[in-house]
Amino acid sequence: SLAATAQATADQAILDAAAAQAAADAAQADADAAQTTADTASAAAAQANTVLANIANDDLLTPGEKPEVILKRDVIVNEQAGITAEATSYGITTEKTAYTDAVTALTDYLATLTTPVLWNSLAGNTTIVGTTFRTKFADVYAARQALLNKIAAVAKSIADTAQAAADDAQATADQAIVDAATAQAAADAAQADADTAQATADTATAAAVQANTVLANIANDDLLTPGEKPEVILKRDVIVNEQAGITAEATSYGITTEKT
(Lines give C-alpha, C1' and ligand atoms only; values in the text may rest on other atoms or scores of the structure.)
Protein backbone atom coordinates (compact mmCIF):
# COMPACT_ATOMS: atom_id res chain seq x y z
CA SER A 1 0.00 0.00 0.00
CA LEU A 2 1.01 3.63 -0.35
CA ALA A 3 1.07 4.01 3.43
CA ALA A 4 3.29 0.95 3.86
CA THR A 5 5.65 2.17 1.15
CA ALA A 6 5.81 5.61 2.73
CA GLN A 7 6.54 4.07 6.13
CA ALA A 8 9.29 1.90 4.66
CA THR A 9 10.78 5.00 3.04
CA ALA A 10 10.63 6.83 6.37
CA ASP A 11 12.25 3.92 8.22
CA GLN A 12 15.11 3.81 5.70
CA ALA A 13 15.51 7.59 5.86
CA ILE A 14 15.80 7.39 9.65
CA LEU A 15 18.54 4.75 9.32
CA ASP A 16 20.33 6.85 6.68
CA ALA A 17 20.14 9.92 8.90
CA ALA A 18 21.58 8.01 11.86
CA ALA A 19 24.43 6.68 9.71
CA ALA A 20 25.15 10.15 8.33
CA GLN A 21 25.22 11.63 11.83
CA ALA A 22 27.57 8.89 13.01
CA ALA A 23 29.89 9.69 10.09
CA ALA A 24 29.69 13.39 10.91
CA ASP A 25 30.49 12.72 14.58
CA ALA A 26 33.50 10.61 13.59
CA ALA A 27 34.72 13.31 11.20
CA GLN A 28 34.32 15.95 13.90
CA ALA A 29 36.28 13.80 16.34
CA ASP A 30 39.07 13.52 13.75
CA ALA A 31 39.00 17.28 13.23
CA ASP A 32 39.14 17.94 16.96
CA ALA A 33 42.06 15.54 17.34
CA ALA A 34 43.90 17.17 14.44
CA GLN A 35 43.41 20.62 15.93
CA THR A 36 44.61 19.43 19.34
CA THR A 37 47.71 17.93 17.70
CA ALA A 38 48.39 21.19 15.87
CA ASP A 39 47.95 23.26 19.04
CA THR A 40 50.18 20.94 21.07
CA ALA A 41 52.84 20.96 18.36
CA SER A 42 52.83 24.74 18.25
CA ALA A 43 53.50 25.00 21.97
CA ALA A 44 56.16 22.27 21.81
CA ALA A 45 57.89 23.98 18.88
CA ALA A 46 58.05 27.30 20.72
CA GLN A 47 59.60 25.58 23.74
CA ALA A 48 62.04 23.61 21.59
CA ASN A 49 63.16 26.67 19.66
CA THR A 50 63.87 28.47 22.92
CA VAL A 51 65.91 25.56 24.27
CA LEU A 52 67.86 25.13 21.04
CA ALA A 53 68.56 28.87 20.81
CA ASN A 54 70.06 28.79 24.29
CA ILE A 55 72.14 25.74 23.41
CA ALA A 56 73.48 27.27 20.20
CA ASN A 57 74.21 30.75 21.46
CA ASP A 58 77.93 30.00 21.96
CA ASP A 59 78.40 28.13 18.63
CA LEU A 60 79.21 24.93 20.52
CA LEU A 61 77.38 21.72 21.33
CA THR A 62 78.81 20.49 24.60
CA PRO A 63 78.43 16.90 25.92
CA GLY A 64 75.98 18.29 28.48
CA GLU A 65 73.83 19.90 25.77
CA LYS A 66 73.90 17.11 23.21
CA PRO A 67 71.34 14.78 24.89
CA GLU A 68 68.70 17.51 24.57
CA VAL A 69 69.54 18.05 20.90
CA ILE A 70 69.54 14.30 20.24
CA LEU A 71 66.13 14.05 21.91
CA LYS A 72 64.72 16.87 19.79
CA ARG A 73 66.12 15.31 16.61
CA ASP A 74 64.74 11.85 17.54
CA VAL A 75 61.27 13.25 18.18
CA ILE A 76 61.33 14.93 14.76
CA VAL A 77 62.43 11.75 12.98
CA ASN A 78 60.10 9.41 14.86
CA GLU A 79 56.97 11.49 14.34
CA GLN A 80 57.59 12.10 10.64
CA ALA A 81 56.06 8.84 9.34
CA GLY A 82 52.80 9.35 11.22
CA ILE A 83 52.43 12.97 10.20
CA THR A 84 53.17 12.31 6.52
CA ALA A 85 50.80 9.31 6.50
CA GLU A 86 48.01 11.47 7.91
CA ALA A 87 48.75 14.18 5.36
CA THR A 88 48.58 11.57 2.59
CA SER A 89 45.23 10.30 3.89
CA TYR A 90 43.85 13.85 3.53
CA GLY A 91 45.36 14.34 0.07
CA ILE A 92 47.75 17.09 1.22
CA THR A 93 50.89 17.38 -0.92
CA THR A 94 52.41 20.89 -0.91
CA GLU A 95 52.79 21.26 2.86
CA LYS A 96 53.84 17.62 3.20
CA THR A 97 56.62 18.09 0.66
CA ALA A 98 57.85 21.23 2.42
CA TYR A 99 57.87 19.37 5.73
CA THR A 100 59.70 16.37 4.29
CA ASP A 101 62.29 18.65 2.68
CA ALA A 102 62.86 20.49 5.98
CA VAL A 103 63.42 17.24 7.90
CA THR A 104 65.82 16.05 5.21
CA ALA A 105 67.67 19.36 5.28
CA LEU A 106 68.04 19.13 9.07
CA THR A 107 69.30 15.54 8.88
CA ASP A 108 71.75 16.42 6.14
CA TYR A 109 72.95 19.45 8.08
CA LEU A 110 73.49 17.54 11.33
CA ALA A 111 75.59 14.98 9.43
CA THR A 112 78.07 17.78 8.57
CA LEU A 113 78.66 18.65 12.22
CA THR A 114 81.78 16.57 12.87
CA THR A 115 84.35 18.98 14.27
CA PRO A 116 86.09 17.85 16.34
CA VAL A 117 83.52 15.04 17.03
CA LEU A 118 80.14 14.12 15.54
CA TRP A 119 77.26 16.27 16.78
CA ASN A 120 75.67 13.40 18.72
CA SER A 121 78.88 12.06 20.25
CA LEU A 122 79.15 12.68 23.97
CA ALA A 123 82.94 12.36 23.78
CA GLY A 124 83.46 16.11 23.36
CA ASN A 125 82.29 19.44 22.03
CA THR A 126 81.10 19.97 18.45
CA THR A 127 81.55 23.28 16.69
CA ILE A 128 78.45 24.76 15.04
CA VAL A 129 77.25 28.01 13.47
CA GLY A 130 74.54 28.94 15.94
CA THR A 131 72.32 30.82 13.53
CA THR A 132 72.39 27.98 10.97
CA PHE A 133 71.77 25.38 13.69
CA ARG A 134 68.77 27.26 15.02
CA THR A 135 67.40 27.91 11.54
CA LYS A 136 67.49 24.25 10.49
CA PHE A 137 65.46 23.18 13.52
CA ALA A 138 63.14 26.19 13.24
CA ASP A 139 62.49 25.36 9.57
CA VAL A 140 61.35 21.86 10.56
CA TYR A 141 59.07 23.16 13.29
CA ALA A 142 57.58 25.81 10.99
CA ALA A 143 56.99 23.32 8.18
CA ARG A 144 55.55 20.79 10.61
CA GLN A 145 53.19 23.40 12.02
CA ALA A 146 52.07 24.47 8.55
CA LEU A 147 51.34 20.84 7.69
CA LEU A 148 49.51 20.11 10.94
CA ASN A 149 47.46 23.28 10.52
CA LYS A 150 46.56 22.18 6.99
CA ILE A 151 45.56 18.74 8.23
CA ALA A 152 43.35 20.33 10.89
CA ALA A 153 41.77 22.66 8.33
CA VAL A 154 41.04 19.86 5.86
CA ALA A 155 39.68 17.64 8.63
CA LYS A 156 37.42 20.48 9.78
CA SER A 157 36.18 21.00 6.22
CA ILE A 158 35.38 17.30 5.92
CA ALA A 159 33.59 17.38 9.27
CA ASP A 160 31.54 20.40 8.23
CA THR A 161 30.57 18.72 4.96
CA ALA A 162 29.64 15.52 6.80
CA GLN A 163 27.52 17.47 9.28
CA ALA A 164 25.74 19.27 6.45
CA ALA A 165 25.03 15.88 4.85
CA ALA A 166 23.75 14.58 8.19
CA ASP A 167 21.50 17.61 8.56
CA ASP A 168 20.13 17.04 5.05
CA ALA A 169 19.57 13.36 5.81
CA GLN A 170 17.75 14.26 9.01
CA ALA A 171 15.57 16.74 7.13
CA THR A 172 14.79 14.03 4.58
CA ALA A 173 13.91 11.64 7.39
CA ASP A 174 11.72 14.22 9.08
CA GLN A 175 9.86 14.84 5.82
CA ALA A 176 9.54 11.11 5.19
CA ILE A 177 8.02 10.69 8.64
CA VAL A 178 5.52 13.45 7.86
CA ASP A 179 4.78 11.88 4.47
CA ALA A 180 4.27 8.48 6.08
CA ALA A 181 1.89 9.96 8.63
CA THR A 182 0.00 11.76 5.84
CA ALA A 183 -0.17 8.56 3.80
CA GLN A 184 -1.42 6.61 6.81
CA ALA A 185 -4.05 9.26 7.51
CA ALA A 186 -5.14 9.05 3.87
CA ALA A 187 -5.26 5.26 4.11
CA ASP A 188 -7.29 5.46 7.31
CA ALA A 189 -9.69 7.93 5.67
CA ALA A 190 -9.99 5.70 2.60
CA GLN A 191 -10.67 2.70 4.81
CA ALA A 192 -13.32 4.67 6.67
CA ASP A 193 -14.91 5.59 3.31
CA ALA A 194 -14.75 1.94 2.26
CA ASP A 195 -16.33 0.83 5.51
CA THR A 196 -19.06 3.43 5.09
CA ALA A 197 -19.64 2.38 1.48
CA GLN A 198 -19.83 -1.27 2.50
CA ALA A 199 -22.24 -0.46 5.29
CA THR A 200 -24.36 1.55 2.81
CA ALA A 201 -24.30 -1.37 0.36
CA ASP A 202 -25.24 -3.86 3.09
CA THR A 203 -28.06 -1.62 4.28
CA ALA A 204 -29.27 -1.13 0.69
CA THR A 205 -29.27 -4.90 0.14
CA ALA A 206 -31.42 -5.48 3.20
CA ALA A 207 -33.72 -2.58 2.25
CA ALA A 208 -34.04 -3.88 -1.31
CA VAL A 209 -34.99 -7.35 -0.09
CA GLN A 210 -37.61 -5.85 2.20
CA ALA A 211 -38.89 -3.50 -0.50
CA ASN A 212 -39.12 -6.28 -3.08
CA THR A 213 -41.08 -8.37 -0.63
CA VAL A 214 -43.50 -5.53 0.10
CA LEU A 215 -43.90 -4.68 -3.59
CA ALA A 216 -44.42 -8.33 -4.49
CA ASN A 217 -47.23 -8.54 -1.99
CA ILE A 218 -48.78 -5.32 -3.30
CA ALA A 219 -48.62 -6.49 -6.90
CA ASN A 220 -49.83 -10.05 -6.43
CA ASP A 221 -53.43 -9.15 -7.44
CA ASP A 222 -52.38 -6.96 -10.39
CA LEU A 223 -53.96 -3.94 -8.70
CA LEU A 224 -52.64 -0.87 -6.87
CA THR A 225 -55.30 0.02 -4.37
CA PRO A 226 -55.57 3.41 -2.66
CA GLY A 227 -54.36 1.73 0.50
CA GLU A 228 -51.28 0.32 -1.22
CA LYS A 229 -50.27 3.38 -3.20
CA PRO A 230 -48.69 5.36 -0.33
CA GLU A 231 -46.16 2.56 0.15
CA VAL A 232 -45.32 2.49 -3.54
CA ILE A 233 -45.03 6.29 -3.63
CA LEU A 234 -42.67 6.15 -0.65
CA LYS A 235 -40.48 3.54 -2.32
CA ARG A 236 -40.42 5.55 -5.56
CA ASP A 237 -39.54 8.78 -3.67
CA VAL A 238 -36.68 7.07 -1.83
CA ILE A 239 -35.29 5.82 -5.17
CA VAL A 240 -35.51 9.25 -6.79
CA ASN A 241 -34.19 11.18 -3.81
CA GLU A 242 -31.15 8.96 -3.27
CA GLN A 243 -30.15 8.89 -6.94
CA ALA A 244 -28.19 12.15 -7.02
CA GLY A 245 -26.05 11.20 -4.02
CA ILE A 246 -25.31 7.71 -5.31
CA THR A 247 -24.38 8.86 -8.82
CA ALA A 248 -22.20 11.63 -7.41
CA GLU A 249 -20.32 9.13 -5.26
CA ALA A 250 -19.93 6.80 -8.25
CA THR A 251 -18.55 9.68 -10.28
CA SER A 252 -16.03 10.52 -7.52
CA TYR A 253 -14.72 6.96 -7.76
CA GLY A 254 -14.60 7.01 -11.57
CA ILE A 255 -17.33 4.38 -11.92
CA THR A 256 -19.23 4.59 -15.24
CA THR A 257 -20.59 1.22 -16.36
CA GLU A 258 -22.57 0.44 -13.22
CA LYS A 259 -23.65 4.08 -12.86
CA THR A 260 -25.05 4.08 -16.38
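This chain uses plain numbering: 1 for the first residue, then up along the sequence.
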Q) Under the side-chain contact (heavy atoms from CB on, under 4.5 Å) criterion, do E65 and T62 qualify, and how do the steps go? A) CA-CA 5 Å; E65 295 168 332; T62 67; 3.2 Å; yes
Q: Show your reasoning for whether side-chain contact (heavy atoms from CB on, under 4.5 Å) applies to L113 and F133.
A: CA-CA 10 Å; L113 302 179; F133 179 85; 4.3 Å; yes
Q: For side-chain contact (heavy atoms from CB on, under 4.5 Å), just list the numbers for L60 and T126, CA-CA rounded to whole Å, side-chain angles, deciding distance to a tenth of an Å, and then say yes or no.
A: CA-CA 6 Å; L60 278 180; T126 299; over 6 Å; no
Q: Show your working on side-chain contact (heavy atoms from CB on, under 4.5 Å) between I128 and T132 and close with a plain yes or no.
A: CA-CA 8 Å; I128 63 172; T132 303; over 6 Å; no
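A pairwise comparison of heavy atoms in Y99 and V140 identifies CD1-O, 4.4 Å as the closest pair. When all heavy atoms are compared, the tightest approach of L224 to V232 is CD2-CG2, 3.9 Å. Taking every heavy atom of both residues into account, D108 and T112 meet most closely at O-CG2, 3.4 Å. Minimum interatomic distance between L118 and K66 (heavy atoms only, all atoms of both residues): O-NZ, 3.2 Å. The minimum heavy-atom distance linking R73 with F137 is given by the pair N-CE2, 4.2 Å. Closest approach of A41 to R144, counting heavy atoms only: O-NH2, 3.2 Å.
With hydrogens and angles disregarded, no donor-acceptor distance shorter than 3.5 Å links the side chain of N57 to the backbone of A53. Of the possible donor and acceptor atoms, none in the side chain of T40 sits under 3.5 Å from a partner among the backbone N and O of T37. No donor-acceptor distance shorter than 3.5 angstrom exists from the side chain of S157 to the backbone of V154, with no hydrogens or angles considered. Side chain of Q145 to main chain of S42: a donor-acceptor pair is present (N/O by atom type, distance under 3.5 Å, no hydrogens or angles). Between the side chain of S121 and the main chain of V117, no donor-acceptor pair closer than 3.5 Å is present. Judged by distance alone, with hydrogens and angles left aside, the side-chain atoms of D139 form no donor-acceptor pair with the main-chain N or O of A102 at under 3.5 Å.
Distance check, rounded to the nearest 0.5 Å: CD1 of I92 to OG1 of T97 gives 11.0 Å. Separation of atoms OG1 (T50) and CG (N54) is listed at 7.0 Å; rounding is to 0.5 Å. The NZ atom of K235 sits 7.5 Å away from atom CD1 of I218, with the distance rounded to the nearest 0.5 Å. Here the CG-OH distance, from L148 to Y141, works out to 12.5 Å after rounding to the nearest 0.5 Å. With rounding to the nearest 0.5 Å, the separation of CD1 in I14 from CD in Q170 is 8.0 Å. One distance of note links OG1 of T172 with CD1 of I177; it measures 11.0 Å at 0.5 Å rounding.
Results of the side chain to side chain donor-acceptor pair (under 3.5 Å) test with K96 over T88, D101, T84 single out T88 as the only residue that passes.
Screening residues 4-21 for salt bridge (Lys or Arg N to Asp or Glu O under 4.0 Å), with sequence neighbours left out, gives no hits.
Residue-environment remark: CD (Q243) stays at or below the threshold of 12 foreign heavy atoms within 6.0 Å.
At least one side-chain heavy atom of L122 sits less than 4.5 Å from a side-chain heavy atom of P67.
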